[in-house]
Amino acid sequence: MKKKLLLLSVLVIFSLVLGACAPKETEPVVEETEEMVEETEEMVEETEEVVVEETEEVVVEETEEVIEALPQGQELANAYAGMYDGTVVTMAGPFTDQDEVIFNDSIAPFEEATGIDIQYEGSKEFEANINIRLDGGDRPDIVDYPQPGLLLYAVEKGYAIDMNTLINPDWIKENYSEGLQKLATMEGPDGPIAAGIWARANGKSFVFYPKAKFEEYGYVVPTTWEEMMDLTAEIAADGDTPWCIGIESGAATGWTMTDWIEDVLLRVAPPEDYDAWITGDLPFDSPQVNLALDYIEEIWFNDDYVYGGRGAIPTISFGDAPLPMFEDPPQCWFNRQGNFVTSFFPEELVAGVDYDFFYFPPIDEEYGKPVLGAGDIYGVFADRPEVRAVIQYFSTGESLKLWVEQGGAILTHNDASLDWYSDPVTRGVAETLRNATTFRFDASDLMPGSVGAGTFWKYMTDYVSGTITREEALQQIDASWPE
Amino acid sequence: MVPAKNTKPNKSGIIGWFSSTIGQILISLFIPSITFIVLWQGYLFLQRAKAPQIVQVVVAIIWGVGGVALLYVVANWLVLKLPKTWSKRLQPFVFVGPAVAIMGWFLAVPAIRSLVSSFRDRLGDGWVWFDNYIYAFTDPRMLETFRNNLLWLVFGTSFSVGMGLLIAVLADRSKAEVLYKSIIFTPMAISFVGAGVIWKFIYTYKGIGANIQEIGLLNAIVSGLGGTPQPWLSLSPWNNFFLIIIMVWLQTGYAMVILSSAIKGVPAELLEAARIDGASEARAFFNITIPYIKGTIITVVTTIVIFSLKTFDIVRVMTGGNNGTNVIANEFYLQSFTYTNKGRASAIAIVLLLLVTPIIINNLRQFNKDRKGF
Amino acid sequence: MAQSAKSQKKSQSLVVNLVLILICIIWLVPIFGILITSFRQSTDIFNSGWWTVFPHKEQVTTTEIKLTTDVADLKAIADSGSQISISPETAEFIGLQIEEEMPTEEEIAAGAEIPTYDAETVDGVSATFDEFVQGVELDDGRLIRWSGSNIRGRTLTLSDNRLVWFDTDLTIKNYKDVIGGKTVTYKDGQGQTITRIGNNLGGAFLNSLAVSIPGTIIPILIAAFAAFGFAWLNFPGRNILFTIIVALLVVPLQIALVPILQDYVALGLNGTFLGIWLAHAGFGLPLATYLLFNYISTLPRELLESAYIDGASNFTIFIRLILPLSVPALASFAIFQFLWLWNDYLVALVFLGEKNKTVTIAVAEMVGEKGQDWHLMTSAAFVSMVLPLVVFLALQRYFVRGLMAGSVKG
């Protein structure tokens, strides 16, 4: 009997509690939102039609006064006129911690000027998480991909929206180099689209060294491969291990090795071979790749040349690898890496004084001065006017100015000025990139994911640690190439 | 509880009215609708709540836990209203229904979808039939994962269960039981990322060189004893054992807790009687305790075998599957999310399912043995 | 007779305790290592093992010796394998700072002097370059070593083997950063330094609780009902359903992420607590049902029979008999489920996202993509470990002998 009462009272209390807690106005609010969504959809449809009809001067019917379009597009102008005040644009990317703070700060002026709230969501497991979210239908409006290869999946599945429909195509042509535009063109289900626009870039053909000590010890910066190898031998004879190499990077361990192979391959084979290698037409177990590995082995597998010896390479994190250069006295002297690596250097070091870089020298003069690079790319997954405004804004160098001023990154935008690079090292990197006779994008980022972010990394790591032989490694990678 | 026939309440006042026929009919309409409204309101509230976080959390807890309990009470009550034959037929489903429905939604249906995609291509567009399975059984990477999972299964399971049993039995005889058990249990409280950091401080290798000081405990001990430091996690195939040690460290607590509660269930009189008969402790243990907790041991072994087949986080955090340490679940994760090859990933998941068939059969044999319900 | 039995028992208990203590020490060493590490300076962590905080003998460098010989000459000497000689004529001796007596930055700003060791000298020590790199021990126990291993460095150190007491350079800064948020500093275009407080664990704890508590209780309740049904009730399809549940134990939850996310987006459940409880219930139910089934099915049959004879309904039996009897099993599963949820990263990331960050997500973001912040990872591991341990200790009291016997009587 008591139980009955108890049950009843529990029921009553429950309904009271929840009745009181559930806000009465919930439902009307919901309806309103739905209406708003419908309205927006209509607007989007309208805008799309307009864009198709007249690309240059877009007139948005809702506004009474005509706002003059900016070169990037109509919506950016509308946004600065405050038309999208209060709207939200969601973004996802791999940047967390410090990078997230800097990114948010660098877009803050735009948010203030337009009233658009850009909600950036950084995640450490970005690479896995983003595909789950895209497939699951929980799609961010804009995604910042650290590698174009990841964007390819979204394009293949038909999620990505063609940039030429979002941004004035003339502006894209004007603000990005042809090569970059070509790299961003990907094959979707309905044919090729401009899948993304480029954000930050990285030059990778650089060797960083501790400049102050380097000069104190009387070493001279090499300009050819022979000079570099002579210097390597000299430093080893002096008693030090010349190279700092580490390829550990969590689940992505091995990518530093693949960068080396790409960089050396560009120096021992024509760029056409490199391109054929990316598409799978030149196998891994080819004379060219083997030749590149011969050059690499000469350095990597000589315990006198590498800090910690060959066995330590797979266990040292790529970010920790350069640190022994800055001990007193330095324990090693060269770190070949992308220019982003300077953000891993001890904070108190001064660029251009304590450290500097030299260009990873050519091996065969026939192939000129090739530069290897990589970069992040934005993809868009929702077509709303405020999203257009934001992506149009991102197509300007201004949007990342604050970020590049930190050093460690250079911009792909033609409207970015060399003056923005506050330290001489980054400026030098940007100049080297502009002067490159051949520029090639990181091959592992362009190969199919199962090779470029899979077997290539894995088998190269196993090969460096001595688990398998070079021949086995190359053959296994070739075998893993998707048909 | 509910107006059940076996209780004879005084039919007076409001409760008496509820027991009348009209009242019962009204109430059988009223209570489910109230329940529904209450739960729906709670659902809406939680779906769009803008209340302070703490309020949300409290409402969420009350609604979630209370709501589930309420659903069972109401469903059972409704079933009992039905004619006796029907209520007897339906009542078991009140008990198992919700569990089956939720598992169906969250696991069974996705598993069936995986079965379908395992016959399809990378993006799930065209049929490739058995290509993905051919890959799963012939690719050298996959063969490596099978070998490693076998190591995990044999060594991981036997050491975890063995240690767990040993500690559970010994701790049962010690006054400081809680302390010992808490210590063994502690690793379970650590996230895999945390555990990864902990073991990196054991296995780290910094290399050879005049000025290199090891910061990994194992290498410090080895060089202290005059040996040469080793890159433990690159030494294939031994590195698998170094990873299995981590699993044993983490999972022994699990085996220990369950086995310990089973050992507590062994009637003290039985053991006492055996001791009075002059049986040694070891004899009493093997002749009384072990048979008595056999069912629990099978349960623990089954679950740890499954854990070791699904092992993923340790490998991903420590080696990423490199240097010959890859395991099935890591390959599945890579195929689904890094290589975005849905077909292969699904085939691997199905292979994983097939691998446990012997375990399932064994468990069913236990299940069917003298299992007669009411 | 009684005497020997007693002493036998005593020695037995001694052995039992010794074995347990040994196992516990092995279990604790890794944890102890990071506990110490979590209090160390981030720079020390990479340069020396955690055990160096304990008293040990160490070479304490007191004097730096700078050779004045020309590099080319030195190299010639080294190449020929001849000996390099160190004396006041060939080298300069500089006393080094005394690290353990260093004043703080404020004190230096206030004009405190930086103490240094007096420069010690040696006269006429000769050895080859390689010997100096290995270290040359003098008759008085001092050690001369080449600084680094590069001949061009031209610097050696003179050190004494001294006992170093406990490392005093420990800090609680790592914990402050983890709990209160790490400061992020950078320079803007004008060279101004901007400082921000990064993420902290404040709200994350509450969120983790909101996920873990219902996410633990709901599946246990549902699983207990189901386990009872499978163990003691007859119904068509019982065997096949149970087989499926055991098979589902091995299904990796990752295969469900995309389909469930699609359903959640359609139902508006994405990012809600309800959604993540259901997800955790779904992923945890097979194991919960399986474990509880194995426990509930071993309850004595006579007990249930007598209850049925008394006319009790299934529901009454479940509530009044099965649940109280299953407390140890419920408690043990509750612990595991709570721990898995507390430490879960993937499910929370996919279904809850950024809006309601759990502790694991907050920690992962704090540590950043560089993954080098071991000082933060170690302290974060301890911070997030506290609650699960409290839960374990709280539930510990349910694992006592006689609980079953007591309930049976009532």
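Convention: sequence-line order gives letters A, B, ...; per-chain numbering from 1. Here the structure is a predicted model, which is why all the values come from computation and not from measurement.
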>> Is T241(A) close to chain B through its backbone or its side chain, or both, or neither, when contacts mean heavy atoms under 4.5 Å?
In response: neither

> Measuring from E144(B):CD to Q476(A):CD, what's the distance to the nearest 0.5 Å?
Replying inline: 8.5 Å

> Among all residues two or more places apart in sequence or in another chain, which pass the side-chain hydrogen bond (donor to acceptor under 3.5 Å, both in side chains) test with Y339(B)?
Replying inline: R141(B)

>> By the salt bridge (charged side-chain N to carboxylate O under 4.0 Å, His left out) test, which pairs, at least two apart or in different chains, include something from residues 319-329 of chain B?
In response: none

>> With a 4.5 angstrom heavy-atom cut-off, is it the side chain or the backbone of S249(A) that approaches chain B, or both, or neither?
In response: neither

>> So which residue, I316(A), D462(A), I130(A), ends up with the most heavy-atom pairs under 4.5 Å with chain B?
In response: D462(A)

>> Between N326(B) and K458(A), is there a side-chain heavy-atom distance shorter than 4.5 Å?
In response: yes

>> With side-chain contact (heavy atoms from CB on, under 4.5 Å) as the test, pick out the partner of T315(A) among Y205(B), Y203(B), W232(B).
In response: Y205(B)

> With respect to chain A, which residue among K206(B), R316(B), K200(B) yields the maximal number of heavy-atom pairs within a distance under 4.5 Å?
Replying inline: R316(B)

> Taking only heavy atoms into account, what residues of residues 329-338 of chain B are found under 4.5 Å from chain A?
Replying inline: Y333(B), F337(B), T338(B)

>> Tell me if a side-chain donor or acceptor on K157(A) pairs with a main-chain N or O of L123(B) at a distance below 3.5 Å.
In response: yes

>> Please rank T461(A), T253(A), L150(A), V464(A) by heavy-atom pairs under 4.5 Å with chain B and give me the top one.
In response: T461(A)

> Which residue out of G196(B), P140(B), G124(B) racks up the most heavy-atom pairs below 4.5 Å with chain A?
Replying inline: P140(B)

> Tell me, side chain or backbone of Y459(A) under 4.5 Å from chain B's heavy atoms, or both, or neither?
Replying inline: side chain

>> Under a 4.5 Å cutoff for heavy-atom pairs, which residue among P448(A), G309(A), G454(A) has the most contacts with chain B?
In response: G454(A)

> What part of D303(A) lies closer than 4.5 angstrom to a heavy atom of chain B: side chain, backbone, both or neither?
Replying inline: side chain

Side-chain donor-acceptor contacts of residues 317-324 of chain B below 3.5 Å, not counting sequence neighbours, with atom names and distances?
| residue | atom | partner | partner atom | Å |
| --- | --- | --- | --- | --- |
| T319(B) | OG1 | V315(B) | O | 3.4 |
| T319(B) | OG1 | G321(B) | N | 3.1 |
| T319(B) | OG1 | T325(B) | OG1 | 2.6 |
| N323(B) | OD1 | S465(A) | OG | 2.5 |
| N323(B) | OD1 | T467(A) | OG1 | 3.4 |

> Quick check: are there more than 12 heavy atoms from other residues, nucleotides or ligands sitting under 6.0 Å from CD of E471(A)?
Replying inline: no

